[in-house]
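What follows is a set of notes on a single structure, which appears directly below.
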Amino acid sequence: MLDPAASEWRSVPLQPLALQATPLIAQPSAYVQASWRDRPHGLIDSVNVQAAHDGSEVFFRLSWRDGTRDDAISDTDRFTDAAAVLFPAKGGDAPLTSMGSPDQPVYAWYWRPDFEEPVSVTAQGLGTTVRHQEAGLRARASFEDGGWKVVLSRRLSSHSSGVAALLPGKTGKVAFAVWQGANSERGGLKAVTMEWQPLEIEG
């Protein structure tokens, strides 16, 4: 099911979710807050989400409309499209807008088309995001018909340090974020589901 065009996805329910721009007050840099004050960001306003597992891996398929394909950084003022699947690392209600807190960190899978594989991200508040290479985290993507289709997957596993528990029969929470490279979106400048969504992994 890692292939976004795999026939198995046809039978998986699709959930459209609204996205909103992250508030400028939630940007850790005063320079970013000032320079983007009169400039819109978070331009992708919705994402379609599907989720499934095969007993060993869990898969999230994200699809959204995008008028431009930004899949490489060709200069210092060019940015790529990107997407992320986010979880409260320790369960509960980690503050999503501020990317967590010291007591309630956020854990995410971060995809960019110029990465060989996605990376995992942990954060404990504004400006604390750290990327990690994580074994077993995979992604495949395609751009066609004016939009991206991206599948991110990881092995099902119990909770470990900084990693959300993902096991059949378990419930949790998940959120999603999308960046539009053509609009120079990067870092905290993104569109995101402003609230955690319920996640249930069928047993």
Side-chain angles (χ1 to χ4, degrees), residues 1-20 22 42 44-65 82-101 103-111 117-125 129 132 134-142 147-179 190-203:
M1 298 187 72
L2 194 62
D3 181 356
S7 60
E8 291 90 342
W9 287 113
R10 297 173 190 166
S11 61
V12 177
L14 182 148
Q15 178 67 51
L17 295 173
L19 301 175
Q20 298 180 44
T22 51
I44 304 300
D45 61 6
S46 65
V47 61
N48 295 317
V49 177
Q50 295 165 280
H53 76 86
D54 62 6
S56 59
E57 287 186 83
V58 62
F59 302 85
F60 290 90
R61 183 180 187 266
L62 281 58
S63 57
W64 67 93
R65 305 292 298 172
V85 182
L86 304 94
F87 308 89
K90 297 181 179 180
D93 285 307
L96 187 55
T97 303
S98 63
M99 286 298 289
S101 67
D103 294 331
Q104 295 180 309
V106 166
Y107 163 74
W109 307 343
Y110 177 65
W111 166 85
E117 292 292 354
V119 297
S120 65
V121 170
T122 54
Q124 296 179 314
T129 299
H132 312 271
E134 181 176 339
L137 188 57
R138 303 190 295 162
R140 296 293 181 272
S142 65
W148 284 104
K149 297 178 178 66
V150 179
V151 176
L152 294 104
S153 77
R154 199 201 73 187
R155 290 191 300 267
L156 291 164
S157 66
S158 60
H159 177 85
S160 60
S161 179
V163 177
L166 296 171
L167 285 171
K170 295 292 185 181
T171 59
K173 297 182 179 180
V174 64
F176 304 92
V178 176
W179 290 256
K190 62 184 183 291
V192 64
T193 51
M194 295 302 288
E195 296 181 353
W196 293 108
Q197 307 298 310
L199 173 65
E200 181 177 356
I201 302 177
E202 293 183 357

With no hydrogens and no angle check, is any side-chain donor or acceptor of Q124 less than 3.5 Å from a backbone partner on D103?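 No, Q124 side chain to D103 backbone: no donor-acceptor pair under 3.5 Å.
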
Treating E200 as the side-chain partner and T171 as the backbone partner, does any N or O pair qualify as donor plus acceptor under 3.5 Å?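 Not at all, since once roles are kept as given, no pair shorter than 3.5 Å links the two residues.
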
Quick one, T122 with H132, criterion side chain to side chain contact (heavy atoms under 4.5 Å, CB included). Give me CA distance, side-chain angles, the key distance, then yes/no. CA-CA 8 Å; T122 54; H132 312 271; 3.0 Å; yes

Which residue pairs pass the salt bridge (Lys or Arg N to Asp or Glu O under 4.0 Å) test when at least one of the two sits in residues 50-59, sequence neighbours left out?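 Every salt bridge (Lys or Arg N to Asp or Glu O under 4.0 Å) pair that includes a residue of residues 50-59, provided the two are not neighbours, is E57-R138.
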
Over all heavy atoms of both residues, which pair between A123 and T129 is shortest? Give the atoms and the distance, please.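 Looking at all heavy atoms of both residues, the shortest contact is CB-OG1, 3.8 Å.
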
Closest approach of P105 to A94 (non-hydrogen atoms, all atoms of both residues):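 Closest pair (atom of P105, atom of A94, distance): O-CB, 3.7 Å.
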
Test side-chain contact (heavy atoms from CB on, under 4.5 Å) applied to [X] - qualifying residues, sequence neighbours left out:
X    : value
N48  : L14, P16, S63
S46  : none
P4   : R61, R140, S142, K149, V151
A175 : L86, L96, T193, W196

Please report the C-alpha distance between F87 and V106 in whole Å, then the side-chain angles of each, then the deciding distance to 0.1 Å, and finally whether the side chain to side chain contact (heavy atoms under 4.5 Å, CB included) criterion is met. CA-CA 6 Å; F87 308 89; V106 166; over 6 Å; no

Non-neighbouring partners of [X] that pass side-chain hydrogen bond (donor to acceptor under 3.5 Å, both in side chains), sequence neighbours left out:
X    : answer
D3   : none
K173 : D93
W64  : none
S120 : E134

Candidates V174, V12, L17 - the one meeting side-chain contact (heavy atoms from CB on, under 4.5 Å) with V49: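 Of the listed residues V174, V12, L17, the side-chain contact (heavy atoms from CB on, under 4.5 Å) partner of V49 is L17.
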
[Y] and [X], any side-chain heavy atoms less than 4.5 Å apart:
X    : Y   : value
Q104 : P95 : yes
L62  : V85 : yes
Q50  : F60 : no
L156 : H53 : yes
V178 : L19 : yes
S153 : L2  : yes

For the pair T22 and T97, evaluate side chain to side chain contact (heavy atoms under 4.5 Å, CB included) and give the outcome as yes or no after the intermediate values. CA-CA 7 Å; T22 51; T97 303; 5.7 Å; no

Ring centres under 6.0 Å, that's the criterion: do W111 and W179 meet it?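 No, too far apart.
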
To the nearest 0.5 Å, what is the distance between CG on L152 and CZ on F176?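 One finds 9.5 Å between CG of L152 and CZ of F176.
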
Between atom CD of E195 and atom CD of Q197, what is the distance when rounded to the nearest 0.5 Å?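 So the CD of E195 and the CD of Q197 are separated by 7.5 Å.
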
Go through it in stages, so that I can follow the logic: the residues are R154 and W109, the test is side chain to side chain contact (heavy atoms under 4.5 Å, CB included), and I'd like the CA-CA distance, side-chain angles, deciding distance and then a yes or no. CA-CA 9 Å; R154 199 201 73 187; W109 307 343; 3.4 Å; yes

